[in-house]
Amino acid sequence: MWGGVDPSVSTEKYENNHLIDYIIRGEGEISFLEIIKAKIEELDENKSIGMNRIDRFKKVIEGKKIENLDNLDFVNRDIVSHSNSPNPLLLKEPHFSILTSRACLYNCKFCAPASKKMFGKKIRTRSAENVVQELIYLKDKYGLKSVTFESDNFLQDREWLINFIDCLKKSKLKVNFNIHGRSNNIIKNHDLIKELKILGLIEVFIGIESGSDKMLKYFKKGTSVDMNKKAVNILKNNNIKIQASFISGFPVETKEDIKLTEQFIKENLSNEIFGFSTFVPLPGSFFYEEYKKKGLLFEDSEYSDFNLKKPRIMGVDYYYLSWINFKLFLKYSDSYFSQLSHLIFFVYNIFLISEFYIKYYIKNIIK
Ligand code: SF4
């Protein structure tokens, strides 16, 4: 059985694969269980009357949505999880990750609408009580010390947040946590950030994306450079660590735009963690469809190796992006290990980019 984002947004890629019996699009919990139960029944029935297995299900199944996420059992951590922390110095072990909501309101063009295809347009959130109950369960059973809340926008619903703060206070739990937040929501809830800090908020992942307002508009991010600066200051003033992400590699992006990003990092994020990613146009994103229509995608792009900086979009200077990535870490990271690993990545990326272009042009000359 196959599921997840890519099989949900690019189902046709998997339909003819004979190793796959079923593809569940969207949420899988209910449909997965139904298939397993039906299969067991079928096998029992067929055994007793000596018939071949009858297949009641189509290959592609639309996963049924769980309207009330509180109805889901807590994840069985004995089977599917581990308790390693992504950063044991900041988030002590045992560490677990928890999802508090599904779906995302926003439409950032490098990401959406994949999430809406997976989870629908309406945001569903577990009740604050249910989330805190899980924290208590994890504390009692595993001695939980820290948590990552993996939800796309932990700060989006102010009413929920107030309730969560109240429940966590009442529980008297001592747990550190990190969350994903957008700058508009950090600004909107600046007063609550203080309370979250007291309760254990230690780090916020924030998608700043670019130091250029032109690019933020192009992404339809719904934020601005000024908002990002304000959000960063709110977090710094509350002594909360920041993990900022930036995205680059678009045909309309100029060296000037990238310089503005560099300037933003220099002025606002010294001593903070940041990532500078090269955009990979994955199916399910608005930009993938747009660039495909405009004939801007290299045919040979392998979308499965999304970590590598191989060329994907015509008109993007991948050599320059690799250089900037390396330069940023050389200049602004104080970790020698990080600098060394980025030097290795830089050399490797240059090799990959050159290999890609050589193969691409040879293929086109032969054609
Ligand atoms: S980048 Fe984040 S906020 Fe934007 S659409 Fe994706 S999940 Fe939503």
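Counting convention: from 1, in listed order, for ligands and their atoms alike. All residue numbers refer to positions in the sequence shown, counting from 1. FYI, side chains are in, hydrogens and waters are out, and symmetry mates aren't considered; it's all heavy atoms of this structure.
At least one test fails for Lys220 against the ring of Phe286: distance under 6.0 Å to the centre or angle within 45° of the axis. Tyr106 carries Arg182 over the face of its six-membered ring, with the cationic atom under 6.0 Å from the centre and within 45° of the normal.
With hydrogens and angles left out, the side-chain atoms of Gln133 and Glu129 include no donor and acceptor closer than 3.5 Å. Defined by atom type and a distance below 3.5 Å, a donor-acceptor pair is present between the side-chain atoms of Ser183 and Asn228.
Within the 4.0 Å heavy-atom criterion, neither part of His180 lies near ligand 1. When non-hydrogen atoms are compared, ligand 1 lies under 4.0 Å from the side chain of Cys111 (C-beta onward) but not from its backbone.
Of all atoms in ligand 1, listed by their number and element, those nearer than 4.0 Å to a heavy atom of Tyr106 are 3 (S), 5 (S).
Checking Glu209, Lys221, Lys109, Arg182 against atom 3 (S) of ligand 1, the nearest heavy atom belongs to Arg182.
Counting backbone and side-chain atoms alike, Cys104 contributes no N/O/S atom closer than 2.8 Å to atom 4 (Fe) of ligand 1.
For the side chain to side chain donor-acceptor pair (under 3.5 Å) criterion with His95, the lone passing option out of Asn176, Thr148, Asn84 is Thr148.
Below 30°, between 30° and 60°, or above 60°: for Phe164 and Trp160 the angle between ring planes is below 30°, a parallel geometry.
Within a 4.0 Å radius of atom 1 (S) of ligand 1, the protein contributes at least one heavy atom.
The nearest protein atom to atom 4 (Fe) of ligand 1, hydrogens excluded, is given as Cys108 SG, 2.3 Å; this is a heavy-atom distance.
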